[in-house]
A.B. asks: 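I am attaching a structure below and will ask some questions about it afterwards.
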Amino acid sequence: MPDKGGFPHYMIKEIFDQPQGLRDTVTPRISLQEGRVCLEQIHISAEDLRVVRRINIVASGTSRHAGMAGQYMLQELAHLPSDVDYASEFEFRNPLIGPGELTVVITQSGETADTTAAQREAKARGSRTIAISNVKNSTIAREADGVIYTLAGAEISIASTKAFTAQMAALFLLALYLGQERGTLNQEQVLQHLGELLELPPKLETVLKSSALCERLADQYCQAQDFLFLGRAIHYPVAMDGALKLKEVSYVHAEGYPTGETKHGPNALIDENLPIVIIATCDHNDASSMLRYKKTLANIRGFKKQSARVVAIASEDDQNIRELADHTILVPQASELLSPILEIVPLQLFAYYMAVKKGLDVDRPRNLVKSVTLE
Ligand code: F6R
């Protein structure tokens, strides 16, 4: 068992391991000289990759949230439509998949029974499979046509943190690789995306400095019974994972929801007793990000009118959100596709400190196991 590196729990150690986990996952797979992503363990020819029509992403829990973010990356960079499934639902929905499709299975442990079963189902239907796993030689990795190991290091805490950010980085690399092999990205574009990816570890170090602020927020909110986590587009999976972390380690009910869906029902719940955590970052160089941001600002105004307490995750230069929200946690500027890797960190810290304030067994929440090997 690795030691806790001076931290009181594995979860907080692993949250702080994230900049290194990202470096280790990204650096061996890229060549800046050639402007290329090199995924040597994907044993599928460039010819076969060029004719892929669709991607199916299958995973459970936090790994599925990474897959939801990956869906945006694959569509944007490799122009491939993708679906995301719960591994536990996959074999029951008669998935209409087959040759010419790629199934990407994501699992930290590589042993999750639902996910290995889904991989077998996809293979039986003629789909090639790529596994993203944090454990060398795991069942899922052995059975796949290709593997990308997340090199985040052993994850001991039951709540997945550093594997999640490494999975999103691995999906970004896969999307770039497919874009490069399929010709949807030229060398210059690959280089620009790689540059942005390499800027993430120091930016993550900056986000980790919000630890004390997250602890103070946990002090203020530890009596709350319910939380609503909101995000739009690629930030919605971040909201989902923030809610999942809070549920599993602090036993507080939390729901992740797409921000724009609140007016279709959840608004009825929103008042001073339902704190809202909302992802409200913005990439000024991206028109769709700006549109999302403007809509998010309008949503926050509405929530404040309903007396909700709002905790916002915003970009570092933002003034508007700071004026509107009760609390704002700033994260460095990043591109729309990469900012989820930064945004999740304050939510992990918040969940951690909530569990600590409640005196719970942070690393081993009740009724959960690290690797779910039963279906
Ligand atoms: C949440 C968490 C779980 C796992 C899920 C899948 O923090 O850890 O939701 O993500 O059980 O596990 P893996 O990734 O090993 O397949």
Side-chain angles (χ1 to χ4, degrees), residues 9-15 17-18 21 25 57-70 84-91 103-120 122 129-144 147-171 229 237-252 254-256 340 344-345 347-352 354-355 360-375:
H9 301 100
Y10 283 111
M11 183 175 174
I12 187 75
K13 174 198 177 280
E14 288 163 3
I15 291 173
D17 280 348
Q18 291 181 107
T25 299
I57 300 171
V58 192
S60 303
T62 283
S63 296
R64 193 181 69 91
H65 299 152
M68 288 167 70
V84 184
D85 270 287
Y86 288 97
S88 57
E89 291 286 312
F90 190 67
E91 59 187 328
T103 300
V104 178
V105 284
I106 310 166
T107 157
Q108 185 285 131
S109 59
E111 304 297 341
T112 299
D114 289 326
T115 314
T116 48
Q119 169 161 261
R120 286 172 195 150
T129 67
I130 292 178
I132 296 179
S133 173
N134 199 41
V135 177
K136 284 264 164 68
N137 223 15
S138 53
T139 303
I140 210 117
R142 288 196 311 273
E143 293 185 10
V147 57
I148 307 173
Y149 285 113
T150 45
L151 303 171
E155 194 178 64
I156 309 295
S157 168
I158 286 190
S160 185
T161 53
K162 62 178 178 175
F164 180 56
T165 43
Q167 285 166 343
M168 288 194 280
L171 283 158
F229 283 70
V238 178
M240 293 285 289
D241 207 59
L244 177 60
K245 288 296 98 98
L246 191 64
K247 275 186 270 213
E248 68 174 330
V249 299
S250 76
Y251 312 162
V252 171
E255 229 180 307
I344 188 60
V345 176
L347 308 190
Q348 296 169 341
L349 287 164
F350 179 63
Y352 169 75
M354 286 283 283
L360 299 172
D361 188 351
V362 183
D363 287 332
R364 283 178 303 153
R366 65 187 178 194
N367 309 333
L368 297 176
V369 291
K370 185 66 184 158
S371 177
V372 185
T373 52
L374 294 175
E375 279 186 64

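Counting convention: from 1, in listed order, for ligands and their atoms alike.
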A.B. asks: What atoms of ligand 1 come closer than 4.0 angstrom to any heavy atom of S160?
C.D. replies: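 Per the distance check, 7 (O), 8 (O).
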A.B. asks: So, taking the atom named OG1 in T116 and the one named CD1 in I140, what distance separates them when rounded to the nearest 0.5 Å?
C.D. replies: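 Taking OG1 in T116 and CD1 in I140, the distance rounds to 5.5 Å.
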A.B. asks: To which protein heavy atom is atom 7 (O) of ligand 1 closest, and what is the distance rounded to 0.1 Å?
C.D. replies: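 Minimum-distance protein heavy atom for atom 7 (O) of ligand 1 reads E248 OE2, 2.2 Å.
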A.B. asks: Which protein heavy atom lies closest to atom 14 (O) of ligand 1, and at what distance to 0.1 Å?
C.D. replies: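 Here the nearest protein heavy atom works out to S63 OG, 2.5 Å.
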A.B. asks: Mark yes or no for whether K162, through its side chain, and D17, through its backbone, hold a donor-acceptor pair below 3.5 Å.
C.D. replies: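 The answer is no, because no donor-acceptor pair under 3.5 Å joins these two groups.
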A.B. asks: At what distance is the nearest protein heavy atom to atom 11 (O) of ligand 1, and which residue and atom is it?
C.D. replies: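 It is V372 CG2, 4.1 Å.
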A.B. asks: Check each atom of ligand 1 against the heavy atoms of G61 and keep those under 4.0 Å away; list them by number with element.
C.D. replies: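 Selected atoms, number and element: 9 (O), 10 (O).
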A.B. asks: Please state which protein non-hydrogen atom is closest to atom 13 (P) of ligand 1 and give its distance, to 0.1 Å?
C.D. replies: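 The closest one turns out to be T112 OG1, 3.3 Å.
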A.B. asks: Is there a donor in the side chain of T373 and an acceptor in the side chain of E111, or the other way round, less than 3.5 Å apart?
C.D. replies: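 Distance-only check fails for T373 and E111.
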A.B. asks: Would a 4.5 Å heavy-atom cut-off, applied to side chains only, mark Q348 and Q18 as touching?
C.D. replies: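 Contact flag for Q348/Q18 side chains = yes.
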A.B. asks: Between the side chain of Q108 and the main-chain N/O of S133, is any donor-acceptor distance below 3.5 Å?
C.D. replies: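 Checking the backbone N and O of S133 against the side chain of Q108, no donor-acceptor pair under 3.5 Å is found.
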A.B. asks: Out of curiosity, is S371 lining ligand 1, as in a heavy atom under 4.0 Å away?
C.D. replies: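 Under 4.0 Å: no for S371.
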A.B. asks: For atom 15 (O) of ligand 1, tell me which residue out of A351, S109, A113 has the closest non-hydrogen atom.
C.D. replies: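 It is S109 that holds the nearest heavy atom.
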A.B. asks: Which atoms of ligand 1 are found less than 4.0 Å from any heavy atom of A159?
C.D. replies: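 Result: 7 (O).
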A.B. asks: Quick one: does T129's side chain have a donor or acceptor within less than 3.5 Å of a partner on T103's backbone?
C.D. replies: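 Not confirmed, T129 side chain does not pair with T103 backbone.
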A.B. asks: Checking a contact table here: which protein heavy atom is nearest atom 5 (C) of ligand 1, and how many Å away?
C.D. replies: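 In this structure, atom 5 (C) of ligand 1 has S60 O, 3.8 Å as its nearest protein heavy atom.
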A.B. asks: Tell me: protein heavy atom nearest atom 3 (C) of ligand 1, and distance?
C.D. replies: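 Protein heavy atom at minimum distance: T62 N, 4.1 Å.
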A.B. asks: Between E111 and ligand 1, find which residue part has any heavy-atom pair under 4.0 Å and reply side chain, backbone, both or neither.
C.D. replies: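 Contact part for E111 vs ligand 1: neither.
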A.B. asks: I158 to ligand 1: N or O pair under 3.5 Å?
C.D. replies: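 So ligand 1 has an N or O lying under 3.5 Å from an N or O of I158.
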A.B. asks: Does K370 pair with E155 as a salt bridge, N-O distance under 4.0 Å?
C.D. replies: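 Result for this pair is yes, salt bridge flagged.
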A.B. asks: Are K245 and Y352 in a cation-pi contact, defined as NZ or CZ under 6.0 Å from the six-membered ring centre and within 45° of the axis?
C.D. replies: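 No cation-pi geometry.
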A.B. asks: Is the closest heavy-atom distance from K245 to ligand 1 below 4.0 Å?
C.D. replies: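 Yes.
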A.B. asks: Strictly distance-based, threshold 3.5 Å: is any side-chain N or O of D363 a donor or acceptor partner for the main-chain N or O of I158?
C.D. replies: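 Judged by distance alone, no pair lies under 3.5 Å.
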